[in-house]
Structure formats: structure tokens, C-alpha cells
**Q** 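Sharing a structure with you now.
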Amino acid sequence: MKILVVEDEQELREVITSSLLKARFVVESAATLREARDKVAAYEYDCILLDLMLPDGNGLNLLRNRSEDKPLGNVIILSAKDSVDDKVAGLNLGADDYLPKPFHLAELHARIRSVMRRQRGGEETLSAGNVVLYPARLIVEVEGEKLELSRKEYDILFYMLNRLGRLIEKQTLAEAVWGDHIDMADNFDFIYAHIKNLRQRLKSAGATIEIKTLYGFGYKLVEV
Ligand code: CA
């Protein structure tokens, strides 16, 4: 689960970022509208936390100028201006939620989980075949038996379960699980090692899903 924090106040940006990292999200941040635009043009995020008063413009412009063929992901507006106009404008432009500042981090986390849950159609789990993943508890079960996974293996499986049956490019997977700054050329072997371990764990637990390799492209999680 990858989150972009768009916030110009450095201290707040850092506090939010570190709390999300602790909650096992992959987090990137942007301090200006321009930086945020560059990030969303280049990468995919599951959720964007969007401050409105940014030094180079209103955060709502990110929603106004969203590209039609590239979905922005979930957007939660964070604003010091607790104004009805901003709230309505944001929600009309497709934001999923609105959180006035100041807020408690626990409240922010709850909103993020709620937006994600809605995206998954109200379900608390992700499942395929006999495998069930519980995002709130960070656990995976195969036929009701807990599967022991490392942090990265869990993150990879989470990402893939959200994209069951779809081609996942290596680069996209790496960015989703390790962040945007990963040096790809050196790290594909590293990704492969994690995939290999995850495959073995799924297989020895008797999982009825499998990670297929599409040579030269990436991976695909399928039911078998
Ligand atoms: Ca601001």
C-alpha cells in the first residue's frame, strides 16, 4: 500500500510520514504542488493525502488537472481551512474524504483504512483461492492456517492480491514495495529473491494461488 503525502509544512509532513511508515505503508512525500504533480504523473499511489494551501498553488489543482486515463487513487484532503466551500469543491472534484487540521494521527489512520476498505467494496479481507489476507492485522492465512511471511513478502503479496490476474511489471512492483527511489538496475535480483521465497512459502503451505513469471515483463498472480 503506497501513500503520497503532499504537505508543505516540514514538521507535519515528517510526523505523518513516520507514523505511516510505522504502520507498514510505503510512503513518499511532496512539499509543493509541482512536486506532487511530477510524482503522480510518474508513479501510482493507493492513497494521496493532500494539503490545500501549498506554496505554489491550491492542492485542489492536482484533482482538477488529473489525467483521464491515469486514475489518481484515493485522495484524502487535509486542510487547515475548515471551510465548507473547500470541502464541497474537493469532494466534487473526486476526493474521497476531508480531514480538517489539526487532527490526531489515529484519526488519519482510521480515515485511510476506511477509504481503502470502501475501495475494496466494504470487505475486510483480500482473498484468492484458499488464501486470505487481513490488512488490518497484517496476516495471511492459507486454509485458515497462518502463513509466516517477511515484511516484504507480505507487501508483495498484498500488492499482487489487489491485482489478481493482471500483469505486474517488475518496475511497478519494485516502486510499490520499496518506494520511488529504488535503483532498479541493481535491484531486480533482490526482487526476484523475495518472489522466490514467497513462491516457496505459498507452495509448501498448499496455497492454490501461484506467481507466474512473464519473462521480460514481470509477474502475474493467478489461481491454480
Ligand atoms: Ca499548507
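First listed ligand is number 1; within each ligand, the first listed atom is number 1. We're numbering straight along the sequence, starting at 1.
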**Q** Over 60° means perpendicular and under 30° means parallel, so tell me whether F190 and H194 are parallel, tilted or perpendicular.
**A**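 Rings of F190 and H194: perpendicular, as their planes differ by over 60°.
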**Q** Can you name the closest pair of heavy atoms from L63 and A95 and give their distance?
**A**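 Looking at all heavy atoms of both residues, the shortest contact is CD1-CB, 4.1 Å.
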**Q** Going by the rule salt bridge (charged side-chain N to carboxylate O under 4.0 Å, His left out), which residues pair with K220 if we only count those two or more places apart in sequence or in a different chain?
**A**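 Not a single residue meets the salt bridge (charged side-chain N to carboxylate O under 4.0 Å, His left out) criterion with K220.
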**Q** Taking atom CD of E44 and atom OH of Y159, what is their separation to the nearest 0.5 Å?
**A**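 It comes to 5.0 Å.
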**Q** Any idea how many protein N, O or S atoms are nearer than 3.0 Å to the Ca ion (ligand 1)?
**A**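 Those protein atoms number 3 in total.
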**Q** Side chains of R199 and S204: is there a donor and an acceptor less than 3.5 Å apart?
**A**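 Short answer, no.
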**Q** Should the pair K2 and W178 be classed as cation-pi, given the thresholds of under 6.0 Å to the six-membered ring centre and 45° from the axis?
**A**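 K2 over W178 ring: no.
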